Amino acid sequence: MKSIYDFVVTPIGGRYNNTKKVGDSELILNTEIFNHQFVNRIAKVISVPIIGDTNIQPGDEVVTHFNVFRRWHNVRGEEKNSRSYFNENTYFITHDQIFLYKRNGEWNAPKGYCFIKPLKKKDKFNTDEERPFIGIVKYSDGTVKTGDLIGYKPKTECEFMIDNQRLYRVASNLITIKYEYQGDEEEYNPSWAESS
């Protein structure tokens, strides 16, 4: 199956990631269908659009927008599927609903975006656990290098959980400065992220 403008994907796992294995039992973390935090975002690409230029290939694993697999209730209380829904295993998504793609075990950022790992705070008088608007480039589109220490515009980041790491997605054109390492930088990942 091919689409003219859309990627055809299938979810890896179910539509929701709302359970956790605890010993021999399975714990249900959430029962609400509308909560975006428990929607599965990982999919496998079945086919790429006929029209358009993309680095993504069939078989790649992708991180999608949280609304792709999500169900919701309309104003009458009827349960509905997203616009992307074709059937339970097939969804049509546009290029701007793909945030990362994995090929040969390596994550890659599509053109226009980078993923940033936050830094642990240095100021002992600050109650925040991480330094604001600064981080280390984890996945790059080539605008900056992976491992660069950068600063970005305030309130432009979007939080993602990738391989049990909390990362921020930032548009490459909103990266404002490249810093030199001082030697005291420490990546920050909250304990709840590591246990996911």
Side-chain angles (χ1 to χ4, degrees), residues 1-17 33-72 74 80-118 133 135-148 150 152-176 178 196:
M1 175 185 301
K2 279 190 166 269
S3 171
I4 296 175
Y5 300 109
D6 293 333
F7 292 86
V8 181
V9 299
T10 186
I12 295 176
R15 290 174 82 162
Y16 288 84
N17 291 331
I33 66 168
F34 58 85
N35 191 328
H36 76 280
Q37 293 174 316
F38 296 98
V39 175
N40 181 20
R41 298 179 80 169
I42 308 296
K44 182 179 178 183
V45 176
I46 298 170
S47 68
V48 296
I50 296 169
I51 296 174
D53 184 29
T54 182
N55 294 336
I56 300 168
Q57 300 172 355
D60 285 351
E61 195 173 306
V62 293
V63 175
T64 65
H65 192 278
F66 58 80
N67 279 337
V68 171
F69 304 131
R70 184 160 101 173
R71 289 187 176 103
W72 52 280
N74 67 11
K80 298 288 184 180
N81 290 302
S82 71
R83 178 203 76 81
S84 304
Y85 181 85
F86 181 71
N87 64 38
E88 204 59 37
N89 294 316
T90 310
Y91 296 79
F92 292 90
I93 62 174
T94 59
H95 69 90
D96 61 345
Q97 291 177 299
I98 295 178
F99 300 127
L100 274 177
Y101 65 96
K102 184 189 270 188
R103 184 173 307 133
N104 301 325
E106 294 289 323
W107 285 111
N108 302 286
K111 190 173 186 176
Y113 292 93
C114 293
F115 280 76
I116 312 300
K117 181 81 174 154
F133 320 123
I136 297 171
V137 177
K138 183 81 173 173
Y139 306 115
S140 175
D141 67 344
T143 308
V144 290
K145 290 188 269 183
T146 300
D148 280 353
I150 57 93
Y152 53 88
K153 284 189 177 182
K155 298 188 181 2
T156 58
E157 73 276 9
C158 183
E159 183 180 295
F160 281 78
M161 288 298 299
I162 308 294
D163 295 337
N164 293 333
Q165 291 186 57
R166 187 173 66 160
L167 302 174
Y168 293 128
R169 178 181 184 242
V170 176
S172 300
N173 63 353
L174 297 177
I175 293 174
T176 55
K178 180 182 171 205
S196 296

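Since this is a predicted model, take the numbers as computed values, not measurements.
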Could you check whether atom [atom1] of [X] has more than 12 heavy atoms from other residues, nucleotides or ligands sitting under 6.0 Å from it?
X	atom1	answer
His95	NE2	no
Phe86	CZ	no
Lys44	NZ	no

side-chain contact (heavy atoms from CB on, under 4.5 Å) partners for Ser84, two or more places apart: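 Once residues adjacent in sequence are excluded, the partners of Ser84 under the side-chain contact (heavy atoms from CB on, under 4.5 Å) criterion are Val68, Ser82, Tyr91, Ile93, Gln97.
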
Option passing ring pair (Phe, Tyr, Trp, His ring centres under 6.0 Å) with Phe160 (candidates Phe115, Tyr168, Tyr139):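 Of the listed options, the one satisfying the test is Phe115.
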
Considering non-hydrogen atoms only, spot the tightest contact between [X] and [Y] and give its length.
X	Y	value
Asn40	Gly14	ND2-O, 2.8 Å
Phe69	Ile42	CE1-O, 3.9 Å
Lys138	Thr146	O-CG2, 3.3 Å

Any side-chain heavy-atom pair of [X] and [Y] under 4.5 Å:
X	Y	answer
Phe133	Lys153	no
Thr143	Ile175	no
Lys178	Val137	no
Arg169	Glu157	no

His65 vs Thr94, side-chain contact (heavy atoms from CB on, under 4.5 Å): CA-CA, chis, key distance, verdict: CA-CA 10 Å; His65 192 278; Thr94 59; over 6 Å; no

Can you measure from [atom1] ([X]) to [atom2] ([Y]) and round to the nearest 0.5 angstrom?
X	Y	atom1	atom2	answer
Thr64	Arg70	OG1	CZ	12.0 Å
Phe7	Lys2	CZ	NZ	10.5 Å
Leu167	Glu159	CG	CD	9.5 Å
Arg41	Asn67	CZ	CG	9.0 Å
Asp148	Ile116	CG	CD1	9.0 Å
Tyr85	Thr90	OH	OG1	9.0 Å

Under 3.5 Å donor-acceptor pairs involving side-chain atoms of residues 45-54, not counting sequence neighbours:
{"unit_1": "Ser47", "atom_1": "OG", "unit_2": "Met1", "atom_2": "O", "d": "2.8"}
{"unit_1": "Thr54", "atom_1": "OG1", "unit_2": "Ile56", "atom_2": "N", "d": "3.1"}

Contacts under 3.5 angstrom, residues 106-114 side chains, donor-acceptor by atom type, not counting sequence neighbours:
{"unit_1": "Trp107", "atom_1": "NE1", "unit_2": "Asp163", "atom_2": "OD2", "d": "2.9"}
{"unit_1": "Asn108", "atom_1": "ND2", "unit_2": "Glu106", "atom_2": "O", "d": "3.2"}

Evaluation steps, side-chain contact (heavy atoms from CB on, under 4.5 Å), between Lys80 and Arg71: CA-CA 6 Å; Lys80 298 288 184 180; Arg71 289 187 176 103; over 6 Å; no

